[in-house]
Trainee: 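Would you mind keeping the following structure in view while I ask a few things?
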Amino acid sequence: MLNKAHGIEDQLVTWRRDFHMHPELGFKETRTSDRVAEITGSLGCRVRRGVGRTGVVAELGDGSPIIALRADMDALPLQEANQNEYISKNPGVMHACGHDGHTAMLLGVATLLAKEKFPGTVRFLFQPSEEVGDEDGISGAPRMIADGAMQGVDMVIALHVDSNTPVGDIRVEAGPASGGVDSWFGSIIGKGGHAAKPHETVDPFYISAHVILALNAIFSRRVSAFDPGVVSVGSMHGGHTQNVIPDRVEISGTLRYTEINVQEKIHAEIKRAFELARPLGGDYELRFEIGTPPMQNYPEAVKLIRTAAGSLLGEEHILLMQKDLGAEDFGCFSEIAPGAMFLLGTRIEGDERVGHNQRFDIDEHALPIGTAILAECALRFFGEQYNY
Ligand SMILES: [Zn+2]
Ligand SMILES: [Zn+2]
């Protein structure tokens with residue numbers, strides 16, 4: 001598969017640069033999904049459009065078992081600061097997370113697998129809006145699932161480019177692989193008045209100070225140290241001038257967690273922190289916006305990736321993950337069928353090109369490698385050593 005993927009390397013680069021020059025924000029991927037539908041259709045795939053709004057599902061083969069391979073297609077609201085012949089043509093929008101490469105590689109996989117025979121179905125999930133939710137706070141993966149994209153799927157695999165890992169290496173391991181994320185929005189309600197007479201007010205700043213201390217103690221005092229997570233305050237707004245105590249202060253933030261069974265506990269502890277407002281004479285309002293669950297890499301899916309990648313790259317090029325609590329809505333797919341995501345080394349040697357930055361870029365030599373691993377995963381999934 002690696003040789004075959006190298007055979008289409010120019011095509012992969014052309015596709016990736018085309019998407020890079022025409023980035024589109026979440027749920028606005030109309031040009032991208034037009035291209036994807038056109039290309040997969042010309043390869044002989046069955047193509048379904050409008051899956052999760054701007055998503056595309058393409059299929060090769062027939063019947064079960066079904067392996068799903070996923071690529072996200074959305075870009076970020078950033079102004080590209082690179083200088084080369086394929087920089088973004090859309091002002092203020094940039095593929096700074098590598099989803100242009102993901103889309104190009106999955107098209108490459110379809111190109112390679114269209115020439116193969118296998119006993120089952122490969123379903124290509126071209127997903128919109130991994131980065132942001134829609135007006136209801138729902139991102140692309142759950143939107144696609146609601147439209148039936150995961151029906152009958154036995155295993156789901158994806159990759160993400162990784163600018164910390166050299167080309168030719170991948171990272172994968174079983175277990176929690178990214179953080180679950182929810183947002184919370186609170187108000188501390190006091191009673192405003194003259195800043196010279198605080199005893200006649202209920203000062204929402206004073207109350208907020210206590211609430212923020214309590215929020216910061218959740219992960220040191222209230223949740224087991226074996227359940228890693230984070231509660232962070234991301235915004236705090238209140239008041240208009242120096243000598244008036246306002247009626248209220250608005251505080252919002254994020255929470256991240258790795259074990260689904262502590263999510264409820266963290267919500268309850270955030271609520272307890274805000275309840276401090278009451279004994280201090282004030283009140284509070286609090287609401288949560290539920291985000292994506294933690295991504296779990298399932299052992300059998302990791303084994304498939306390790307076997308496929310090991311045969312192409314050599315065992316020594318499969319590294320362990322460098323974990324963080326960044327969110328990835330692929331976890332929604334792997335809640336439904338066993339799944340795993342691996343990180344594909346795309347580091348540009350001697351240069352810092354990190355994700356979500358205006359200077360992000362990848363070493364395109366990684367494109368055929370990612371393509372080959374995904375295609376190899378699909379074929380080995382159907383092989384007799386993987387009877388799921
Ligand atoms: Zn991202
Ligand atoms: Zn991403």
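Counting starts at 1 for both ligands and their atoms, in listed order.
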Trainee: I'd like to know if Glu285 pairs up with Arg287 as an ion pair, taking the criterion as any Lys NZ or Arg NE/NH1/NH2 lying under 4.0 Å from an Asp or Glu carboxylate oxygen.
Mentor: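 Here Glu285 does not pair with Arg287 in a salt bridge, since their nearest N and O are not under 4.0 Å apart.
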
Trainee: How wide is the angle at the Zn ion (ligand 2) spanned by His160 NE2 and His99 NE2, rounded to 10 degrees?
Mentor: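 With the Zn ion (ligand 2) as the vertex, NE2 (His160) and NE2 (His99) sit 120° apart.
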
Trainee: Hey, can you tell me if His95 and His20 have their rings parallel, tilted or perpendicular (30° and 60° cut-offs)?
Mentor: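 If you compare the ring of His95 with that of His20, the planes turn out tilted.
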
Trainee: Output yes if Cys97 passes the N/O/S-under-2.8 Å test against the Zn ion (ligand 2); output no otherwise.
Mentor: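 It does: Cys97 brings an N, O or S atom closer than 2.8 Å to the Zn ion (ligand 2).
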
Trainee: Examine Glu130 and say whether one of its N/O/S atoms is closer to the Zn ion (ligand 1) than 2.8 Å.
Mentor: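 No, since none of the N, O or S atoms of Glu130 sits under 2.8 Å from the Zn ion (ligand 1).
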
Trainee: For His267 and Phe288, I'd like to know if the aromatic rings sit close, meaning centre-to-centre distance below 6.0 Å.
Mentor: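 They qualify: ring centres under 6.0 Å apart.
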
Trainee: Tell me if the aromatic rings of His210 and Tyr206 count as close, with their centers under 6.0 Å from one another.
Mentor: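 Centroid distance His210-Tyr206: below 6.0 Å, so yes.
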
Trainee: With rounding to 10 degrees, what does the angle His356:NE2 / the Zn ion (ligand 1) / Glu131:OE2 come to?
Mentor: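 Vertex at the Zn ion (ligand 1): approximately 100°.
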
